[in-house]
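These notes concern the structure reproduced below.
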Amino acid sequence: MKLSTFGSRFTAHSGILQLMEDLGSALSRDEPVCMLGGGNPARIPEVERRFRESLAQLLGDGDAFDRTIGDYTGPQGHPQFIEALAGLLQRECGWDIGPENIAVTNGSQSSFFLLFNMFAGHFDDGSRRQILLPLAPEYIGYADVGLTESLFTAVRPRIDKLDEHTFKYGVDFGDVTVGATTGAICVSRPTNPTGNVLTDEEVRRLMTLASAHDVPLIIDSAYGIPFPHIVFADATPFWNGHTIVTMSLSKLGLPGIRTGIIIANEEIIRAIAGMNAILNLATGSFGPALVTDMIRSGEVLQISRKLIRPYYRSRAEQAVEWLRAELTGYPFYVHKPEGAIFLWLWFPELPISSQDLYHRLKQRGVLVIAGEHFFPGLEGQWRHQHECIRVTYSQDEESVRAGIRAIAEEVKTAYDSSPSRARAG
Ligand SMILES: Cc1ncc(COP(=O)(O)O)c(C=O)c1O
């Protein structure tokens, strides 16, 4: 098969492909597998029940259902959903926005394909621009969406040790350079993979930098405020005309209906609608129709704050407790879990790479993701990238418990095999 440059780029091996294939093959194995690798949201029975009720309501209104599945929406997305969301964001976040500031996409992943390639890559004047990730590690799903090479440039974080086993990354502003080759700045908040929540002060400084250089700051709020609100730290939701906030229905528990949301100034929203028309004609209406009433009434906020956030918070605390118990006496750090659905574990001076650890765990039926995949755009060698893994704690408790036990066993074996540790012991 002779492939174009596009064809070759988008069929090459990628971290996200490995992740999705691991998930797929895990499902077809006979032995039990602890799936601590993917980003699937948890199944929270009370939340699932609410979505089933909402579907029954939609089905009960024959006309609304027929229009939902029988009509194309406009390329900006489902109008009632957009209007309800604009109202919610005005009320809840105090943002000065209207329906002209919101576009729907077929999942945030496709939002990022559009946004990154819109602001970075080759320009008509012969120049090239990149997306600046001011705090690596960042979301693995960004890494391969570029239509051109080297779409990203990233900055190493500051590492603040909070106690013997907890740390937090911070933006190292001394190393963040915004210049003529910067097309946009992007952060996920909360961050996948680390569970970090950038402080308000960090976001304000990034907003100032972005507007001073007339480039957008993209804030990926897939786990953020006001929904699904998987945020355990204090955090203000920010938006202004220089900021693009992306949201998603996935982590509410609806990844199957592929609904992403972009909130931006009117010019950007018109551009997104234009690209939606070319790529998709229209965006899916099913997700928006399912949640429009919940958004209009504000129920989505109650679901997020009363059911979703506490669920993940207690799962995170439990997972950290298990980890501390299993790894007593060994050197390990957990990134302070401030949000999202992952633990980011750092094993300083681990004698094997995190990719080797990934393979050893995979052999035992435990799937995690090696840290090195989460540093798109970071140049130079940094051992830290190979000392970390991402562990999802959203799956059933038994799997997470067994997975953490296996991780601890493999890590202990690796440390015990190290001559320096043997000497120290
Ligand atoms: C930080 C972040 N952004 C975006 C996405 C993409 O979400 P979706 O395409 O399901 O809306 C994910 C998915 O896990 C994510 O973790």
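In each ligand, atom 1 is the first atom listed, and ligand 1 is the first ligand listed. From a predicted model like this one, the values you see are computed outputs, not experimental measurements.
- Near R258, meaning under 4.0 Å from any of its heavy atoms, are these atoms of ligand 1: 8 (P), 9 (O), 10 (O).
- For ligand 1 and G107, the ligand atoms under 4.0 Å from any heavy atom of the residue are 9 (O), 11 (O).
- For E321, there are no salt bridge (charged side-chain N to carboxylate O under 4.0 Å, His left out) partners, not counting sequence neighbours.
- Heavy-atom separations between Y223 and ligand 1 include at least one value shorter than 4.0 Å.
- The closest protein non-hydrogen atom to atom 6 (C) of ligand 1 is Y139 OH, 3.6 Å.
- Remark: ligand 1 atoms within the under-4.0 Å shell around heavy atoms of S248 are 8 (P), 11 (O).
- Looking only at protein heavy atoms, the nearest one to atom 14 (O) of ligand 1 is K251 NZ, 2.8 Å.
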Residues 290-298 side chain polar contacts: donor-acceptor under 3.5 Å, at least two apart:
{"from": "T292", "atom 1": "OG1", "to": "P288", "atom 2": "O", "distance (Å)": "2.6"}
{"from": "D293", "atom 1": "OD1", "to": "R296", "atom 2": "NH1", "distance (Å)": "3.0"}
{"from": "S297", "atom 1": "OG", "to": "D293", "atom 2": "O", "distance (Å)": "3.1"}
{"from": "S297", "atom 1": "OG", "to": "M294", "atom 2": "O", "distance (Å)": "3.4"}
{"from": "S297", "atom 1": "OG", "to": "E299", "atom 2": "N", "distance (Å)": "3.2"}

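- No donor-acceptor contact under 3.5 angstrom links the side chains of N196 and K336, judged on distance only.
- A salt bridge is defined here as a Lys NZ or Arg NE, NH1 or NH2 lying under 4.0 Å from an Asp or Glu carboxylate O, and R383 with E387 meets this definition.
- Of the N and O atoms on the side chains of T236 and D200, at least one donor lies less than 3.5 Å from an acceptor on the other residue.
- Here's the thing with D220: one of its N/O atoms is less than 3.5 angstrom from an N/O atom of ligand 1.
- Counting the atoms of ligand 1 from 1 in the order shown, those under 4.0 Å from a heavy atom of N192 are 1 (C), 15 (C), 16 (O).
- The shortest N or O to N or O distance between Y142 and ligand 1 is not under 3.5 Å.
- Of the listed residues (S108, G38, S221), the one carrying the non-hydrogen atom nearest atom 7 (O) of ligand 1 is S108.
- Remark: K306 does not engage E46 in a salt bridge, criterion side-chain N to carboxylate O under 4.0 Å.
- Of all the heavy atoms of S250, the ones lying under 4.0 Å from any atom of ligand 1 belong exclusively to the side chain.
- For F116 and Y142, the gap between ring centers is short of 6.0 Å.
- Look at E326 and R401 and you find a salt bridge, because one of the NZ, NE, NH1 or NH2 atoms lies within 4.0 Å of a carboxylate O, short of that distance.
- Proximity of G39 to ligand 1 is not established, as no heavy-atom distance is less than 4.0 Å.
- Of all the atoms in ligand 1, the ones that sit under 4.0 Å from a non-hydrogen atom of A222 are 2 (C), 3 (N).
- Ring-centre distance between F167 and W346: below the 6.0 Å cut-off.
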